[in-house]
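Down below is the structure, laid out as structure tokens.
Lettering of chains follows the sequences in order, A, B, ..., and the numbering in each one begins at 1. Just so you know, these numbers come straight off a predicted model, no measurement behind them.
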Amino acid sequence: MEISNGVDERLLRPYDPKNTEDRIYKLWEDSGFFNPDICVEKGIAKADAPYFSIVLPPPNATGVLHLGHVLEDSMQDTMIRYNRMLGKRTLWLPGTDHAAIATDSKVSKILEKEGLKKRDIGREKFLERVDEFVADSRKTIVTQLRKIGASLDWSREAFTLDKARNLAVRTTFKKMYDDGLIYRGHRIVNWDPKGQTVISDDEIVYVEQKNKFYTFKYGPFEIATARPETKFGDKYVVMHPDDKRYAKYTHGQKIQLEWINGPIEATVIKDDMIDMEFGTGVMTITPWHSHEDFALAEKYKLDKEQIIDKYGKLLPVAQEFAGMKILDAREKIVEKLKAKGLLVSIDENYINRVATAERSGGIIEPQIMLQWFVDVNKKIPDRDNKSLKELMLEPVRNKDIKILPDHFEKVYFNWIENLRDWCISRQIWYGHRIPVWYKENETYCGIEAPNGEGWTQDEDTLDTWFSSGLWTFSTLGWPDISAKDLKNFHPTSVINPGYEILFFWVARMILMSQYLIGEIPFETVYLHGMLRDAKGQKFSKSQGNGIDPIEIINEYGADALRMSMIVGIGPGADGKFDLGKVKAYKNFANKIWNITRYVLSIKREGGLKKELVDEWNTMAKDITFDMDNFRFYLAAEKLYAYIWHRFADEIIEESKGKDGYGETLYYILENSIKLLHPFMPFVTEEIWSILPDHKNFLMVEKWPLKGAHDKSNV
RNA sequence: GCGCGGUUAGCUCAGUUGGUAGAGCAACUCUUUUACACAGAGAAGGUCGUAGGUUCAAGUCCUACACCGCGCACCA
């Protein structure tokens, strides 16, 4: 069909994303093509076509999306759109995360501003308030995802704390409990006095701090400490068995000495955990408030005594200091020791790392507490007597799961090797409540509450990552193991989180999936880096330096923002947000727009120029190869260079004034926007709608290369 | 202490299996010629952290070192 000079009136003005994107997203959504079942129904994908699935890393329901999310979502949408165009049954499943501690503390803060206290309004009322907050936040997030152009199947939207996911959690807990993988016990844990909850090792952030480092006389020894306030109960003095300086003291020897509140009897312990080079080579231990001291106390069956309560105040063992906050007491204790002539020296410039809680910022006080744990070392009969650790290690070691960039595999192995039992109970209200009930001396663990009177449920909730670990299959119908989605879309093809949650999340998903369904959760882990602001600072909710992606989109368009997030940012690489880059890709959108205007304005004639078509094919093959190997950052850049600097600057320019190029130019344009669609979906879809004879959406067109991608699930 | 990553144009960063360096922005010259000034043409800008090595050939592989960043462990 011949094209007339009557060009679509939309083309008469520069491309305007603001008046295009929302309209197009609505058309896509109304078409139902985000849903793979509908694609099959309407013949877009064959019922027996290979599948491609990604579950969206669920954004925290604490707030709004920032540019870091856009980076992640642009990447995933690009993969999803590419695979959909390959004709696969393609599912991208959306959801949000209840983010237990983060949300709990956020809502607590909001209440405080209203002059309300969490404990005063009670558990039920508090949870109502959280639900309201989360519903609001979810709305914002969902709107933002649509703005970005994310082709998510909204009919399958999930929440980590909805009914279906809660059933999955209870089912999991019960199974682990019955298998002896979950146990309750007194162990030393990381207590956050500010957040009033236990947290896992992974939720600790170490902060370097300059502290005073004191050396005291302790009988015939000198001991050093940064924390004199823990020393009230210290009655074991530890040294290295090979240390010649202390050779005359023997293991188990009792020594009488004067200490903070009077004379005590100390026992000598000899153990090679001591570093002879550090300090005086002698230390006392506080097993109740130190992981290492606890381990030593367990080894020699030593007494353990609590010194500090859960509010960070000294207990009666401190006598005259009892009831004081530890930081207030510290100086006073030092003064007392000094008065008694026991202070040897103070090093003012001692730098150590202080453990703080990631969410509340509180300084962690190790405590021995009754908590719930997941045993990572116990052999599981159902799983060839492998432990959870081994189940996490194996698929990565065997390359059943590929981690990109691959150097993160080493980091992953290293983490697992040092892994301790996972503390899963939290003393907060918001979250999945532990499905265990007590009655006098009885304990009941079940998916549902026990029958009969007098049972009370455990007050604690679960670590948020416990439910996140189930995400790849709890969203697909599990625990119903015959669920269609589970059969159709699991293991998922790719997971695309930031490297900072490799341990928190990726490892836990592998653990849960391997243990519960005996399957890997995903084939490829494509880790992305961190996006920082122009100064190199992290974008973070707490620092409030987040740029609202919607503002950028309103000014430059989602396509431009997406391209800026993909081009040149390799797997695992951090990037700085660069507005100039966004502008450049906005110009690119307009460039293609104008190319379209020009191509449609000339006569479509002359047949296809073989040389130019061959050249295009070579380029397309190269790009397809990059796409299949997760090199989207290269594919996008090459496409940009071809379209602008080869097609527009050279091919079109050289064709001017010559006859017979119309058909070839049209061919290149039509096929190039297919290649570009996964990256810049809006402008390409809009152009597609202007090109003649196109009934269906570009979104569901076939990728214009045959035979270049035989691998079904790369 | 163990491990990992980075060091490429003024700035921010790419560079797939080794074949004499690329993008965006900024800066320079020219051009408002009917696809596009959200543009075009042209020019400029890098001894690819340092020092060695392998190779016909190294930004790309190997070794050592320096600086920056990160993870893990220790931190009495």
Quick one: [X] [atom1] to [N] [atom2], roughly how many Å, whole number?
X	N	atom1	atom2	answer
A/Phe647	B/C36	CZ	P	16 Å
A/Glu417	B/G3	CD	P	13 Å
A/Ile652	B/U34	CD1	P	16 Å
A/Leu419	B/G71	CG	P	18 Å
A/Ile204	B/G71	CD1	P	14 Å
A/Arg10	B/C36	CZ	C1'	18 Å
A/Glu208	B/A73	CD	C1'	14 Å
A/Glu277	B/G1	CD	C1'	13 Å

NA contact type, [X], heavy-atom cut-off 4.0 Å: base, sugar-phosphate, or nothing?
X	answer
A/His645	sugar-phosphate
A/Tyr633	sugar-phosphate
A/Lys586	base
A/Asp293	nothing
A/Ile223	nothing
A/Asp574	nothing
A/Tyr640	sugar-phosphate
A/Ala573	sugar-phosphate
A/Phe213	sugar-phosphate
A/Ile274	base

*With a distance cut-off below 6.0 Å to the six-membered ring centre and an angular limit of 45° from the axis, does A/Lys340 pair with A/Phe216 as a cation-pi contact?*
no

Rounding to an integer number of angstrom, what distance separates [N] and [M] when you compare their [atom1] atoms?
N	M	atom1	answer
B/C25	B/U50	C1'	30 Å
B/C72	B/C38	C1'	49 Å
B/A43	B/C36	P	25 Å
B/C56	B/U20	C1'	13 Å
B/U32	B/A44	P	23 Å
B/G10	B/U47	P	8 Å
B/C68	B/C74	P	25 Å
B/C65	B/A27	C1'	36 Å

Of all the choices, [options], which nucleotide is nearest to the side chain of [X] once you look at every atom?
X	options	value
A/Ala648	B/G71, B/A35, B/C25	B/A35
A/Lys576	B/A14, B/U12, B/G5	B/U12
A/Asn590	B/C75, B/A35, B/C38	B/C38
A/Met273	B/U16, B/A14, B/C75	B/C75
A/Tyr598	B/A41, B/C75, B/A35	B/A35
A/Asn594	B/C36, B/A14, B/G71	B/C36

Once you measure the plane-to-plane angle for [X] and [Y], does it fall in the parallel (<30°), tilted (30-60°) or perpendicular (>60°) bin?
X	Y	answer
A/Tyr499	A/Phe408	parallel
A/Trp593	A/Tyr15	tilted
A/Trp644	A/Phe588	parallel
A/Phe632	A/Phe630	perpendicular
A/His251	A/Tyr300	tilted

*Could you tell me whether the phosphate oxygens of B/G3, OP1 or OP2, come under 4.0 Å of any side-chain nitrogen or oxygen in A/Lys410?*
no

*Output yes when at least one side-chain N/O atom of A/Asn414 is less than 4.0 Å from OP1 or OP2 of B/G71, else no.*
no

*Should the pair A/Lys638-A/Asp626 be classified as a salt bridge under the 4.0 Å nitrogen-to-oxygen rule?*
yes

Strictly by Watson-Crick or wobble contacts shorter than 3.5 Å, is anything paired with [N], and which nucleotide is it?
N	value
B/U50	B/A64
B/C70	B/G3
B/A26	none

*Of A/Tyr15 and A/Gly279, whose nearest nucleotide on RNA chain B comes first from the 5' end?*
A/Tyr15

_Toward the 5' end of RNA chain B, by each residue's nearest nucleotide, A/Trp644 or A/Tyr585_ = A/Tyr585

Taking donor-acceptor contacts at under 3.5 Å, does the side chain of [X] reach the base of [N]?
X	N	result
A/Lys591	B/C38	no
A/Glu292	B/A73	no
A/Lys638	B/A23	no

_Exercise: identify the closest heavy-atom pair between A/Glu409 and A/Ile401_ = OE2-O, 4.4 Å

*Is it the case that A/Arg10 and A/Thr20 place a side-chain donor and acceptor less than 3.5 Å from each other?*
no

